[in-house]
Each structure stands twice: as C-alpha cells, then as structure tokens.
Amino acid sequence: PEGKRITTLNPQTETWKLPVVSHVTWTAPDGTKVGGVLELPHGYKPGTSGKLPLVVAIHGGPTTATKCELSVDPHNGRGYFAAKGYATLLPNYRGSVGYGDKFVTDLIGNENDVEVKDILAGIQHLVKEGIADPDRVAVMGWSNGGYLTNCLITLKDSPVKFKAASSGAGILDTVAEWGFNDEPAYPIVFKKGLPWEQPDLYKKTSPTYGLGNVTTPTLIHVGGGDERCPPGHSKMLYRALREYKKVPTELIVYTGEPHGLTKYANRKAKMEWDLAWFGKYVK
C-alpha cells in the first residue's frame with residue numbers, strides 16, 4: 001500500500017515554486033564522461049519553453065563535488081539563480097570526487113587545462129540541447145570555483161563568450177598561492193613540485209598571464225581575513241581589470257570574514273550583488 005503523509009513540518013513551502021534539480025552528463029574533448037548538476041526554473045520544459053540564460057556555478061576544492069539535491073548556497077550559486085529564471089549548471093569537473101580515483105588524479109599537472117575543457121564542454125552540451133542561450137552565459141564560483149572563474153575569463157579564443165562573472169575568493173597567481181596561503185602542500189601536489197622546480201607549470205596554471213584577454217564584466221568577492229585564498233589575489237584581479245583593461249568590475253571585501261562567509265548579512269549581500277550583476281549584464 002502507498003504511504004500516507006501524516007506531518008507537514010514546513011507548511012510555508014507548500015506554495016513555493018522550487019527549481020527542478022537533475023544530474024546530467026556530457027563528453028569532454030578527450031573522451032572522458034563528465035557529470036554535473038543542472039537546476040532549471042520551476043515549470044520549465046526543455047524543447048518547448050525556449051532557451052534560458054545560463055549561470056555556470058563552479059564548486060571549490062577541487063576535491064569535492066556538487067550533489068544532486070535541492071539546496072541553497074550563496075558561495076556557489078545554488079538555488080537562487082534557478083528561482084530567478086536562469087538555468088544553472090554546476091559541473092563536477094576533473095578533480096571532483098565521486099567519479100573514481102582517475103577522475104581526481106587526471107587533474108595533477110593539468111590545472112587550467114583539462115578541467116576548463118570539461119566545463120566548456122558542459123556549456124556547449126546545454127547549448128546543443130537547446131536549454132542554454134549561447135549569448136547569455138555567466139560564470140561564477142568560490143575558492144577553486146573562483147580560481148576556475150578566473151581561468152575561464154582569461155582564456156584566449158574561448159569557444160564560449162561569458163557575458164558576466166562573479167569571482168569569489170579565487171586564486172590568480174599560483175606562485176603566490178604557494179607562498180601566501182595556509183595550505184602550501186596543495187599547489188606542491190597539483191603542480192608536481194615547488195615553484196623553482198616547476199616554473200613553467202606554475203605559470204601555465206596562473207590566470208595572471210591571461211589577464212590581457214579579459215573582456216567580461218567581473219564582480220569580485222573575498223573575505224578580508226581569508227588565509228586560504230588571500231585577498232591579494234582578488235585585489236590584483238581588480239587592479240588589472242579596472243586600471244588597465246577598463247573592464248566593468250567591482251571588488252567587495254567582507255571585513256573580518258575568513259575563507260567562507262560566516263555572517264548572514266554578508267551571505268545575503270553576496271547573493272544580492274550576484275543577482276544584480278548578472279541581471280545587468282546577462283539577463
């Protein structure tokens with residue numbers, strides 16, 4: 001027999017028009033099967049409801065993953081963009097957990113390369129499926145997601161034109177990452193050595209050297225007390241875009257906050273900034 005519901009613990013949600021969350025897969029240029037989470041607005045029907053503006057929301061880590069669940073995350077764009085009419089792709093790029101050991105270790109020595117291609121292929125998949133409007137694509141993320149946002153907007157000859165970006169607590173220069181953050185073992189492992197042992201790899205993985213390619217209006221967030229991805233990275237990105245590239249940009253430093261925003265007021269402010277920025281440049 002069918003179960004009978006006997007409780008209503010959250011009656012205020014009965015009329016909420018919640019996003020539809022699903023797991024999607026696509027094929028990377030090297031043939032690897034890559035997965036991620038797709039959030040679509042309530043009532044949207046692929047194939048009949050037209051193309052949507054797309055937010056590509058990139059998780060941190062990289063050795064974490066976005067789960068296929070209904071949730072809200074102000075750091076990584078979960079929930080609130082789909083509620084405002086955007087499609088949201090949360091890619092579990094190479095380096096993410098949950099897809100096997102090789103999927104993680106493929107990233108060693110290949111940052112700002114293989115995972116960037118994974119993400120771009122995911123965007124192109126949604127465009128091909130008729131869900132995403134290729135002329136209305138934005139990118140965002142926090143921590144390693146901020147780093148990958150920086151990688152994507154600095155990419156030369158990108159197959160995807162990003163109309164806006166929100167770079168949260170991102171790394172810009174990987175030598176500085178090794179030298180200044182509280183986790184120096186991380187870059188040593190992923191760059192396969194110290195800066196003077198692998199100078200070419202540190203340069204290749206640093207978005208710094210692609211700053212001249214940036215045309216994307218970019219919003220920048222960082223905690224003033226962040227020791228994992230120190231504010232200097234965000235300030236350098238802001239300087240390059242504002243003073244040299246003349247690209248629309250704003251820098252928000254959350255005074256006293258660590259690597260993640262801990263105060264409700266700051267989390268709310270970040271969501272409001274992101275929605276306003278993407279509303280202006282994308283939607």
Side-chain angles (χ1 to χ4, degrees), residues 23-38 54-66 76-77 87-129 131-135 137-167 170-172 174 177 186-187 189-192 198 200-216 218:
H23 186 263
V24 293
T25 60
W26 60 90
T27 303
D30 66 358
T32 299
K33 190 72 72 175
V34 180
V37 176
L38 177 64
L54 174 67
V55 174
V56 184
I58 309 172
H59 72 71
T63 50
T64 60
T66 298
N76 296 315
T88 308
L89 175 66
L90 303 111
N92 287 323
Y93 51 88
R94 226 78 60 92
S96 302
V97 298
Y99 297 85
D101 289 348
K102 185 178 184 300
F103 198 87
V104 175
T105 58
D106 276 353
L107 188 60
I108 296 174
N110 294 306
E111 291 176 291
N112 196 11
D113 181 13
V114 65
E115 84 281 51
V116 169
K117 293 173 181 173
D118 288 347
I119 295 167
L120 291 171
I123 298 168
Q124 292 170 313
H125 170 71
L126 293 185
V127 170
K128 185 178 179 181
E129 290 290 302
I131 295 172
D133 182 345
D135 296 321
V137 180
V139 62
M140 67 174 295
W142 191 272
S143 190
N144 199 70
Y147 165 68
L148 287 172
T149 297
N150 296 342
C151 292
L152 284 159
I153 65 174
T154 56
L155 188 63
K156 186 177 182 180
D157 300 325
S158 173
V160 175
K161 172 68 174 176
F162 294 102
K163 300 300 290 288
S166 173
S167 175
I171 294 296
L172 195 68
T174 59
E177 174 191 23
Y186 168 80
V189 169
F190 277 88
K191 281 78 173 174
K192 302 194 291 188
Q198 297 283 2
D200 293 340
L201 196 49
Y202 276 80
K203 182 176 181 180
K204 177 187 173 186
T205 55
S206 294
T208 315
Y209 301 95
L211 285 167
N213 301 322
V214 181
T215 59
T216 303
T218 301

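Sequence positions, counted from 1, serve as the residue numbers for this chain. Bear in mind that the values here come from a model prediction, so they are computed numbers and not experimental data.
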Any side-chain heavy atom of [X] sitting closer than 4.5 Å to one from [Y]?
X: Val34; Y: Tyr99; result: no
X: Asn144; Y: Tyr186; result: yes
X: Pro91; Y: Trp26; result: yes
X: Leu172; Y: Leu211; result: yes
X: Tyr202; Y: Pro187; result: yes
X: Phe190; Y: Thr205; result: no
X: Lys163; Y: Thr216; result: no

Minimum heavy-atom distance between [X] and [Y], given as atom pair plus value:
X: Leu89; Y: Leu54; answer: N-CD1, 3.9 Å
X: Tyr93; Y: Phe103; answer: O-CE2, 3.1 Å
X: Gly60; Y: Ser143; answer: CA-CB, 4.4 Å
X: Lys191; Y: Gln198; answer: O-CG, 3.3 Å
X: Asp118; Y: Ala28; answer: OD1-CB, 3.2 Å
X: Gly109; Y: Leu201; answer: O-CD1, 3.5 Å

From [atom1] ([X]) to [atom2] ([Y]), nearest 0.5 Å:
X: Glu115; Y: Asn110; atom1: CD; atom2: CG; answer: 8.5 Å
X: Asn112; Y: Leu148; atom1: CG; atom2: CG; answer: 8.0 Å
X: Ser167; Y: Trp142; atom1: OG; atom2: CH2; answer: 9.5 Å

Do [X] side-chain atoms and [Y] backbone N/O form a donor-acceptor pair below 3.5 Å?
X: Asn150; Y: Ile171; value: yes
X: Asn213; Y: Thr154; value: yes
X: Thr27; Y: Lys33; value: no
X: Asn92; Y: Thr66; value: yes

Starting from the C-alpha separation in whole Å, work towards a yes-or-no answer on side-chain contact (heavy atoms from CB on, under 4.5 Å) for Val114 and Leu107. CA-CA 7 Å; Val114 65; Leu107 188 60; 3.9 Å; yes

Starting from the C-alpha separation in whole Å, work towards a yes-or-no answer on salt bridge (charged side-chain N to carboxylate O under 4.0 Å, His left out) for Arg94 and Glu111. CA-CA 9 Å; Arg94 226 78 60 92; Glu111 291 176 291; over 6 Å; no

Among Val55, Thr88, Ile58, Thr218, which residue satisfies the side chain to side chain contact (heavy atoms under 4.5 Å, CB included) criterion with Met140? Val55

Scan Ile123, Leu120, Val127 and name whichever one has a side chain to side chain contact (heavy atoms under 4.5 Å, CB included) with Pro159.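 Exactly one pass, corresponding to Leu120.
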
Please assess Lys204 against Asp200 for the test salt bridge (charged side-chain N to carboxylate O under 4.0 Å, His left out), listing each intermediate value before the final yes or no. CA-CA 6 Å; Lys204 177 187 173 186; Asp200 293 340; over 6 Å; no

Quick one: do Leu38 and Leu126 satisfy side-chain contact (heavy atoms from CB on, under 4.5 Å)? Show the steps, please. CA-CA 10 Å; Leu38 177 64; Leu126 293 185; 3.8 Å; yes

CA sep, side-chain torsions, deciding dist, call: Lys161, Thr215, side-chain contact (heavy atoms from CB on, under 4.5 Å): CA-CA 9 Å; Lys161 172 68 174 176; Thr215 59; 2.9 Å; yes

Can you check side-chain contact (heavy atoms from CB on, under 4.5 Å) on Leu90 and His59, steps first, answer last? CA-CA 7 Å; Leu90 303 111; His59 72 71; over 6 Å; no

